[in-house]
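Read through the structure below, which is laid out as structure tokens, and then see the notes.
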Number of protein chains: 2
Amino acid sequence: MICSSSLRMANVPPTSSLADTGSGTRNSASPPAISETSDEPQPQVRKIKTSPQLNRWSRARSIRSGMKLDRSSLSFSAETRTKSSSPVRSEEEIELPMSPKSGSRSNSSDDEKEVNRGKSVFMVSDGTGWTAEHAVNAALGQFDYCLVDRVCPVNTHLFSGIDGVDQLMEIIKQAAKEGAMVVYTLAEPSMAEFAKQACQHWGVASSDILGPITEAIAGHLGVSPSGLSRWAPERQKSPLSEEYFRRIEAIEFTIKQDDGALPRNLHMADIILTGVSRSGKTPLSIYLAQKGYKVANVPIVMNVDLPKTLFEVNPEKVFALTINPVVLQSIRRARAKTLGFNGELKTNYSDMDYVKEELVYAGKIFAQNPVWPVIEVTSKAIEETAVIVLRLYHDRKNRCSMPRISKRY
Amino acid sequence: MICSSSLRMANVPPTSSLADTGSGTRNSASPPAISETSDEPQPQVRKIKTSPQLNRWSRARSIRSGMKLDRSSLSFSAETRTKSSSPVRSEEEIELPMSPKSGSRSNSSDDEKEVNRGKSVFMVSDGTGWTAEHAVNAALGQFDYCLVDRVCPVNTHLFSGIDGVDQLMEIIKQAAKEGAMVVYTLAEPSMAEFAKQACQHWGVASSDILGPITEAIAGHLGVSPSGLSRWAPERQKSPLSEEYFRRIEAIEFTIKQDDGALPRNLHMADIILTGVSRSGKTPLSIYLAQKGYKVANVPIVMNVDLPKTLFEVNPEKVFALTINPVVLQSIRRARAKTLGFNGELKTNYSDMDYVKEELVYAGKIFAQNPVWPVIEVTSKAIEETAVIVLRLYHDRKNRCSMPRISKRY
């Protein structure tokens, strides 16, 4: 559980009285984040007076339980904005590094603990934060070599719906305390600028994800960005757009078609996936459905006839999946374990001979249908296979010289 | 259909002969992209000799149909790298702007056409390209105000698996021809540097999505990025990790539980969504499942008893969805139309009285279960509601002072 020290207060009943302004949440602004694995003796909790904002958050949390929720409970802009001009009395009461040099790594034993706990990345967004998460996730892929063996574990913390400078300041202060870096996507230029300045001031490494690309696109389009966050009431929304309905329809279609159900509807699918059990058809179908494609998947089981409709549809929309037998066996074994049949039922399901034979059987069907591309999914993430399918799908549809996936906004 | 002019060759059978090096694909490198809506007279196609790379792509496309596919067909690194030192004879044969001033907007009538067609954004990645797509999509949100009314339509084109400088160069040249900007995520520093330089050289606006964040994280972690693309064989992969299985299990669980199926399994869900029909439970469930959460959803239908198990599980994992009756009615009407029942069956399903009454009925159930947060989904995108659910979910689990969604890498 990665959290500030207030997690130790999990058993303390939340105080919902608005009159409570401190005692119940005294430890909210806390020493460096505690890692999931920290069963070791707790470091002494420093007594720190918290800011009104932190108390407000804690209160908000407890109040929210069981309350009607809407955007206003996610962000406190109105409240924090009107109060931002009030004297931030408690600011000096929080122990914070005054410069990068005197940061949270104040002594060597702290340093060691930090190494064990891993480094933290705070992702701050005035919207959902998924863009920041996606970008950080991709960038962390560049450090796989040390993440995989937990040489340099990383904890990410996503703060979404942050649209008040007070909240933003508290998070950056907390980042300074935890020795975290801050990555942000803030649409309002003044908020982004504040984040940059505050990170510099508190000695926190930072990176602006949205600013540079927005600026580049603005220059390209020759128009100015709105500077409005996702939740801003002024921002034009079109959730009931064609695109929205198409996506939902695709998801629902795909769920209904899963695992060979309703073969009579195959002609309605944009994409049809086929392959043996555990070749990854279902998660791939769902991933593609999220992108707005209606996907059907048809399992290949040895000596079980495939639905006739599979051979009646346009073969250009059928994609065959294949996988290495050793890997498939291990996935099937894990699957058999999860389903609870260890040897009794479907004994041959994960037997190497059966696995190989079934892959050969599938391979013969694929050979009889040469238009179906056969995609090797071994050691590919779902999104990797998805891009291969979509590239081919768009390429076949559009016959471009350079394979590309195009979209209109 | 956004594509280069070769789309007009859609009916020309792809040539799979390796001996064919030009005639069939002579127009591949083509004038500015053609918009989806272009039924107007075609602008005269300029005769342009294409580079060997373009021919290779076109060949590869035709060869790929029906061929066993793996990573090597997505990217041509080995081939292009060994050939990159060979004289790029055809470079001068392609008409290209030599400076930003003499770019693709060479005359006013071209300008007009470009405005009508919309501006293009090329997204180039040595991986899947989803990170670039996600970032561009988020940034385009800043231009909603002019996108919505199609004042400044934008076409995005995703080029994935690009890991050779020759391919990269061709795409940037094409961007210059189409007046597109280039956004890239290239792990290998030399490739990223090449993209930057080439864009400068050809007068193409560009933005590096991955570089700055990777650099910032490297500084924070104190280790160097691998510089390896997603497809690089040297890159450590762990597709069969716990995380991978968890995600797949979550997706499969969620599909099986959809629409109130298997209520006996509700205790196994991480998150349970409840609400009336068309309040968005299914797409939200699937979105959360993709993030690794096992989600069950339980529909509320007036005067139909909810499963007993819903009241036996930990109420902290139940989330109620509500929606504005007018919006719900319009969604239900669209739904009824899709399902093909116009007035005969379920007549009251989209009647305003019934819609309102059912929402009141649901509201009463929510009131009887005060721990269930009631989330207002009207005019929220799926990912917006998802972040509200997940914030509460993590907050309730971890009791942090500042609501955050944490993850360990």
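Throughout, a chain's letter reflects where its sequence line sits, starting with A, and its residues are numbered from 1.
- Of the listed residues B:Leu390, B:Leu158, B:Ile286, B:Ile209, the one with more heavy-atom pairs under 4.5 angstrom with chain A than any other is B:Leu158.
- Put simply, SG on A:Cys146 and CG on B:Leu221 are 6.5 Å apart, with the number rounded to the nearest 0.5 Å.
- Counting heavy-atom pairs closer than 4.5 Å to chain B, the top residue among A:Pro212, A:Gly141, A:Ala205 is A:Gly141.
- B:Met181 places a side-chain heavy atom less than 4.5 Å from the side chain of A:Ile217.
- The pair A:Glu170-B:Arg404 fails the salt-bridge criterion, with no side-chain N (NZ, NE, NH1 or NH2) lying under 4.0 Å from an Asp/Glu carboxylate O.
- Taking chain A as the reference chain and counting heavy-atom pairs below 4.5 Å, the highest number among B:Thr254, B:Thr128, B:Asp259 is found for B:Thr128.
- Of the listed residues A:Phe159, A:Trp130, A:Phe122, the one with more heavy-atom pairs under 4.5 angstrom with chain B than any other is A:Trp130.
- Neither the backbone nor the side chain of A:Ala289 comes within less than 4.5 Å of any heavy atom in chain B.
- Neither the backbone nor the side chain of A:Glu215 has a heavy atom closer than 4.5 Å to any heavy atom of chain B.
- Of the atoms belonging to B:Ala218, heavy atoms from both backbone and side chain fall under 4.5 Å from chain A.
- For CD of A:Gln290, the number of neighbouring non-hydrogen atoms (other residues, nucleotides, ligands) closer than 6.0 Å is greater than 12.
- At least one donor-acceptor pair closer than 3.5 Å links the side chain of B:Gln142 to the backbone N or O of A:Leu228.
- Between B:Ser207 and A:Ala216, the closest heavy-atom pair is CB-CB, 3.9 Å.
- Between A:Phe143 and B:Pro225 there is a side-chain heavy-atom pair separated by less than 4.5 Å.
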Check step by step if side-chain contact (heavy atoms from CB on, under 4.5 Å) holds for A:Ile382 and B:Arg247. CA-CA 10 Å; A:Ile382 298 162; B:Arg247 205 172 145 197; 4.3 Å; yes

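- Residue contact with chain B, scored on non-hydrogen atoms closer than 4.5 Å, involves the side chain of A:Glu252 exclusively.
- Rounding to the nearest 0.5 angstrom, the gap separating the OG atom in B:Ser285 from the CD1 atom in A:Ile255 is 7.5 Å.
- For the set A:Gly211, A:Pro315, A:Ser224, A:Gly129, the count of heavy-atom pairs under 4.5 angstrom toward chain B peaks at A:Ser224.
- Contact annotation for B:Val223: both backbone and side-chain heavy atoms come within less than 4.5 Å of a heavy atom of chain A.
- Only the side chain of A:Ile251 comes within contact range of chain B, judged by heavy atoms closer than 4.5 Å.
- Between the side chain of A:His220 and the main chain of B:Ser120, a donor-acceptor pair closer than 3.5 Å is present.
- B:Thr131 and A:Ala138 make their closest contact through OG1-CB, 3.2 Å (heavy atoms, listed as atom of the first residue, atom of the second, distance).
- Between atom CZ of residue A:Arg408 and atom CG of residue B:Leu147 there is a gap of 10.5 Å, rounded to the nearest 0.5 Å.
- Of the possible donor and acceptor atoms, one in the side chain of B:Arg391 sits under 3.5 Å from a partner among the backbone N and O of A:Ser160.
- Listed by chain and number, the residues in a salt bridge (Lys or Arg N to Asp or Glu O under 4.0 Å) with A:Lys291 are B:Glu133 (sequence neighbours excluded).
- With A:Tyr409 as reference, B:Asn137 is the one residue of B:Asn137, B:Val121, B:Asn155 to meet the side-chain contact (heavy atoms from CB on, under 4.5 Å) rule.
- Rounding to the nearest 0.5 Å gives a distance of 7.0 Å between CD1 of A:Ile331 and CD1 of B:Ile248.
- Contact between B:Leu210 and A:Ala135 at its shortest, heavy atoms only, is CD1-O, 4.5 Å.
- When B:Thr282, B:Leu140, B:Asp208 are compared by the number of non-hydrogen pairs under 4.5 Å with chain A, B:Leu140 comes out ahead.
- Atom CZ of B:Arg335 sits about 11.0 Å away from atom CZ of A:Phe245, to the nearest 0.5 Å.
- Using a 4.5 Å cut-off between heavy atoms, B:Ile213 contacts chain A through both its backbone and its side chain.
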